[in-house]
Every structure is written in structure tokens, then in C-alpha cells.
Amino acid sequence: MMQVYNTMSLEKETFKPLHEGIINMYVCGPTVYNYIHVGNARSAIAFDTIRRYFLYRGYDVNYVSNFTDVDDKMIKAAAEQGITVPELADKYIAAFNEDTLPLNIMPATVRPRATEHIPEIIEFVQDLIAKGYAYEVEGDVYFRAKKFKGYGILAHQDLAEMESNAAGRLDDGEMARKEDPMDFAVWKGANDGAISWRSPWGQGRPGWHIECSVMATKYLGNHLDIHGGGIDLAFPHHTNEIAQTEAHTGEKFVEKWLHNGFVTVGDEHEKMSKSLGNFVTVHELLKQVDDPMIIRFFMATTQYRRPVAYSQRNLDQAARNLERIRTGYRNLQFRLATATAGADAAIEEKAQAFVDTFVAVMDDDFNVQDGVTAVYNLVNLANTYATAADVKTDTAQFILRQITELMNVFGVDGMAQDDILDADVEALISEREAARAVKNFSRADEIRDTLTTQGIVLEDTPQGVRWHRA
């Protein structure tokens, strides 16, 4: 039985979809005013890995993740760049797609933008006002937080402490307009000449929290299986989503709340963030790392609730571990050329036991660290079987298929060796074998060096020469 850690209860709970075989999942996406940094990518990769595991287990997954394409940060950034807010959004949405593609992040089922849902947001706010949960003051509309029973439960904070913190963030104007410091904006009046829309309360823009409530319920219904995001979103963003959504629908909003841990940097394990100025953009990192799958593997193999310690040393370790897996895969793939027909039941039984372990630990709140250990054990079996005197085709293919499928859960591809070499390279490999046969080792070494400069690495094994691209 699958278990997930629910931030609402602070416990692992049995997970069963609300609808047989279907999972409706919403994950908060980025505010598109800059390139995403490694911390943003961590959340996207963590929930993409969870999604992939659900798919591996046979579920259909409706996965919705938004773009926040209007807010104060975007207005400021657009003004600094001398472009409109929509132009800024288009620029960084394109960058997001460009940067996440190499990381093998699956496209969302729906990737909605806040500005595409202004009529629905206005209708939502109107309903909150009609039900007495929201009120208008000078063009702003605020939600009465304390009117909602159980407000703040997701944050697991003392209400008085939250109220004090909220008051500390308000200027005198906001304090004067609000009935209570805890109240939050669902619509903001705007007469500043920046981007705005006509509403019953005058020109304005949606509050940050309201967009996710509107888009989640529009595309996934009033009651979701899973809502995810960074742990920093639990309060106030997700807390406010719960209040306004359940006030609007009268139904439970989310069954399970999942939150990923931060990416940290430095010896003090400081949270990576744009506000602290200690971030690395994915755009730049992709230029520095030869294989994007190293970044993906590094992020995907830390359990989603744990912090990820970003450093070059840890990236290098991930690269070595990934190469270990790929090498084991290719060792066995190479033996397919000399394998004999049939199967080895004992070997397949061992392989299946590692797969069963993978499923068991992943069913326990997506324990990817123990999951990747099961993959290492499967790779060790592949290495051992590759040295057997008689390798059976069916068994070798079974092991290779299992490694591929489990690594696909982590979103890592590139296991298989390319099947086709250029004719000139094939000729050089054949010439090298002939030179070795007549003990012309200087020519054999010369050919090896030539191939190395072309990115082809040769390995001499008891079963013959094998190669892979550097």
C-alpha cells in the first residue's frame, strides 16, 4: 500500500486516488520574471519524478502546473528591461521550456497562465464577497482569514504569531484598509499605469494566491488528490489557497499536501534563493555541465522532502554514480552480440527481487535514495552476468529493460549504447583489431588515440572490444 507524507497531518498516510486509476495533481509553477534557478528546478524535478513513479505504477496522471505571469516583481522587471509584462512573461516562459527540456521534465498536462484566467478570477472573487468571506476597500478586495474555520492549520503555526508576523509586513495604508492584519488580498486595485484589468472594483490585478485556486479547480475539479510545491509555500500561499478555495466550493480542496525541501548552498546550508543572491540559474549550469542528465540524476535521487546540498563536489559524485550505472548497462548490452537463445530463470529471479525492492521503497513516500540503491544492485547483477560464459538473450534483455524502466522513473535516459557507428569509425575499429592480431601495438594505440579525439572510448574485454561515446 502506497504511503505519502501529508504536510497537513505531519504524518505518512495511505494514498488511494479519489478516482480509480486516475491521479489529479497540481504543482505550483514559477513566477516568470527571470531564468529559473537550481532551487526552482529541484521542485520541478521532484514532482516530475513523483509523477513518473505514478505512471510506472500504472496510473493516469492529470498534472497541472501554472505560470505566474503577472505580479509586482514582473512589473518591476519589465520596466527595467523596457518591455511589457506579457513580453517579459513570453521571454521567460520560453526560457523555462528551453531549460527544462534537457532535464527531461515532462510537459504538464495543462500549463495555464494567470493572465489567461482573469474572468474566472473575477467571478471567484465575486462569489467570496457574496458569501461574506471577502470585502472591498478602495479597489482592493481582501479575504477574511479568521472567518474561515481552521485557517492556518497547514502552516502548523500559532495564530497569534502569524497575526504578529502579518502586521509586521504591512504598511500604514494596508493596515488602514484591512479589517484584520491576517486578511489577504484576492484582488489589488491598480491605478499605477501598469498592467491591469477592468473589474467590478475598478482597474486592478489578481492577488498571488487566487490564481492557483482558480486554475487548480478549473482543470482538476474541486477536490484534488495531490497539491505540491516548495515547503516555503505552505504559508502563506497554500494556507490561503485552502481558505479561499474551500470557502468558494464548500468542499475539501486537497487530499494530500506534498512539499519539497530546499536546495542549500555553502557550509552553512543556506537556502538558495533569488532574494539572497546566492542562486545559480539552470540556464548557466547547463552550459557548464556536459550532460544534463547529471543534473537530473543529482536532483532526482534525493528524497523530495529532504534538502539538496548543491556543490560541484556533489555534482561530480552524481556524475560518477550515473556513469557507474551506464557502464553496467552497456557491459551487458555488449554481450547481447554473443548471447545464446533462451532464459536463465535464477538470474531473472534475482533481478525481479531488486525491482520488487525498488517498488517497496518507492511506495514508502517516494524513497528515491533506497530506490537508487536497488538500481545499483541491479547494475551489479548486470556486471556479473555480463562476464558469464553463457549469456542468455531473454535474460540479458530482461535485466536491461528493468534498468531502463527504473531509471526512467528518475527521468534519466541515455542508458543504451548507440547502435550505429560512422563507417570510418567502424573501419578504424576493425583495423585496430587486425593490428592487435599481428602484434602491431603501436598502430593499435595510434588508432585508439585517434578515436579518443573523436569522442569514442574503446574498452578491451574478454568478450572482445566494446566502445562508448565519451
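The figures that follow rest on heavy atoms only: side chains count, while hydrogens, waters and symmetry mates do not.
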Without swapping roles, check the side chain of [X] against the backbone of [Y] for a donor-acceptor pair under 3.5 Å.
| X | Y | value |
| --- | --- | --- |
| D225 | M25 | no |
| D69 | R113 | no |
| R305 | H259 | no |

Set of ring-ring contact (aromatic ring centres under 6.0 Å, His included) partners for F67, sequence neighbours left out: F96
Test: R57 and D363 ion pair at under 4.0 Å: yes
K146 with D180: basic N within carboxylate O range, under 4.0 Å: yes
CG-CG distance between L18 and L220, expressed to the nearest 0.5 angstrom: 11.0 Å
Separation of F253 CZ from E246 CD (nearest 0.5 Å): 8.0 Å
Positive for salt bridge (Lys or Arg N to Asp or Glu O under 4.0 Å) with K218, one of E123, E120, E116: E120
Ring center gap for F124 and H117 short of 6.0 angstrom: no
H237 and W208 aromatic ring geometry - parallel, tilted or perpendicular at 30°/60° bounds: parallel
H283: side chain to side chain contact (heavy atoms under 4.5 Å, CB included) partners, not counting sequence neighbours: Y35, E98, D99, T281, K287
All side chain to side chain contact (heavy atoms under 4.5 Å, CB included) counterparts of A319, not counting sequence neighbours: I294
Compile the donor-acceptor pairs under 3.5 Å between side chains in residues 75-86 and protein atoms, sequence neighbours left out, one pair per line.
{"unit_1": "Q81", "atom_1": "OE1", "unit_2": "K91", "atom_2": "NZ", "d": "3.1"}
{"unit_1": "T84", "atom_1": "OG1", "unit_2": "E87", "atom_2": "N", "d": "3.1"}
{"unit_1": "T84", "atom_1": "OG1", "unit_2": "E87", "atom_2": "OE1", "d": "3.3"}

Derivation of the side-chain hydrogen bond (donor to acceptor under 3.5 Å, both in side chains) call for R296 and T49: CA-CA 10 Å; R296 173 77 200 213; T49 303; 3.2 Å; yes
Scan the side chains in residues 400-411 for donor-acceptor partners under 3.5 Å anywhere in the protein, sequence neighbours excluded, and list what turns up.
{"unit_1": "T404", "atom_1": "OG1", "unit_2": "Y329", "atom_2": "OH", "d": "3.4"}
{"unit_1": "T404", "atom_1": "OG1", "unit_2": "L400", "atom_2": "O", "d": "3.0"}
{"unit_1": "N408", "atom_1": "OD1", "unit_2": "R52", "atom_2": "NH1", "d": "3.1"}

Qualifying residue, where the test is side chain to side chain contact (heavy atoms under 4.5 Å, CB included) with L154 and the options are N240, V254, L233, T239: T239
Member of F54, Y56, Y5 meeting the ring-ring contact (aromatic ring centres under 6.0 Å, His included) criterion with F366: F54
Stepwise salt bridge (Lys or Arg N to Asp or Glu O under 4.0 Å) test for K12 and D364: CA-CA 9 Å; K12 288 182 184 178; D364 183 12; 2.7 Å; yes
Residues T68, E211; criterion side-chain hydrogen bond (donor to acceptor under 3.5 Å, both in side chains); working and verdict: CA-CA 8 Å; T68 295; E211 63 178 273; 2.9 Å; yes
Contacts of type salt bridge (Lys or Arg N to Asp or Glu O under 4.0 Å), residue D71, not counting sequence neighbours: none
